[in-house]
Asks: 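Below: one structure in structure tokens.
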Amino acid sequence: MTAADTPELVADGRGLRRVYQMGRTELCALDGVDFRAARGEFVAIVGPSGSGKSTLMALLGCLDRPTEGSLSICGRDVAKLDDRARARIRNRALGFVFQSFQLIPRMSALDNVQVPLIYGRNPGAAERAREALDSVGLGDRVDHLPNEMSGGERQRVAIARAIVQRPPLLLADEPTGNLDTRTGDEILELLERLVADGVTMVMVTHDMDVAARAHRTVHLRDGRVEREVLQRVEEPA
Ligand code: ADP
């Protein structure tokens, strides 16, 4: 599935609850959250520590399942899927970008970007990985190891890995958190370019300047949506 044949609502979560059982007590990390993201929309999730941001991202990323509520990702109901089916969706429909890049240290940039392609049949994997690296401006760094690259370059490799399957939905967790302001800005511009091309991006951030660049900001508090702020009037692509 690519951005082009994705339904209008890429993520559609309703009444999402996630309750953790801690011995005899229950901890409600998400308490009835409605969350939607349209095709080509950039949504920032903000909120104090413990407000449920990671829990919501884990649900959107099909790493976890809600205790209650419905969740569809790219038109697929994922709330009740088993591990295998969710792994398939993660691989095909989702791209992940992390604060700490999460590259495999002993692998070249090219091999890191090929990691999502090792599942299933992927003819021309090296070529596709090369194209992805080219698209993030690293066509001349394919053989470099992560420790031979700057933070910004590492994050570009991670973005190339996230987009190599052309997923409709990108989930980014503080993607500029480990970068200086200028480099962070370049990474944001790169991510914004992907959004302009029709990718949907959901980003957790503590940085309100970063959140201000999203189309919409969802403020979480105590597992609930405290408020939503629409930043841009233009329609998402
Ligand atoms: P945030 O990402 O906004 O800091 P989290 O989603 O990590 O918030 O956490 C929301 C609440 O759920 C917190 O009170 C946290 O302690 C709790 N929580 C998160 N993960 C677990 C877990 N695996 N087991 C028990 N409680 C958890």
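We count ligands from 1, going down the list as the structure has it; atoms in each ligand are counted the same way. Please read all numbers here as calculations on a predicted model, not as lab measurements. Computed from heavy atoms alone, side chains included, the values below leave out hydrogens, waters and symmetry copies.
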Asks: Between His219 and Glu228, is a side-chain hydrogen bond (donor to acceptor under 3.5 Å, both in side chains) present by the stated rule, with each step listed?
Replies: CA-CA 6 Å; His219 294 252; Glu228 290 193 37; over 6 Å; no
Asks: Any donor-acceptor pair under 3.5 Å linking the side-chain atoms of Gln231 with those of Thr217?
Replies: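 A pair is found: one side chain offers a donor N or O, the other an acceptor, under 3.5 Å apart.
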Asks: Has Thr200 got a side-chain atom pairing as donor or acceptor with Val10's backbone, closer than 3.5 angstrom?
Replies: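 Checked: no pair found.
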Asks: Quick check: is Val115 connected to Ile89 through a chain of hydrophobic side chains (ILVMFWY, heavy atoms under 4.5 Å apart)?
Replies: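 No, Ile89 does not connect to Val115 through the hydrophobic network.
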Asks: Identify, chain by chain and in numerical order, each protein residue with a heavy atom under 4.0 Å from an atom of ligand 1.
Replies: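 The answer is Tyr20, Met22, Leu27, Ala29, Pro48, Ser49, Gly50, Ser51, Gly52, Lys53, Ser54, Thr55, counting any residue whose heavy atom sits under 4.0 Å from ligand 1.
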Asks: Here's a test for you: under side-chain contact (heavy atoms from CB on, under 4.5 Å), which of Leu60, Leu59, Asp12 qualifies with Phe35?
Replies: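 Among Leu60, Leu59, Asp12, the one that satisfies the side-chain contact (heavy atoms from CB on, under 4.5 Å) with Phe35 is Leu60.
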Asks: What residues form a side-chain hydrogen bond (donor to acceptor under 3.5 Å, both in side chains) with Arg18, not counting sequence neighbours?
Replies: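 By the side-chain hydrogen bond (donor to acceptor under 3.5 Å, both in side chains) rule, Arg18 matches Asp64.
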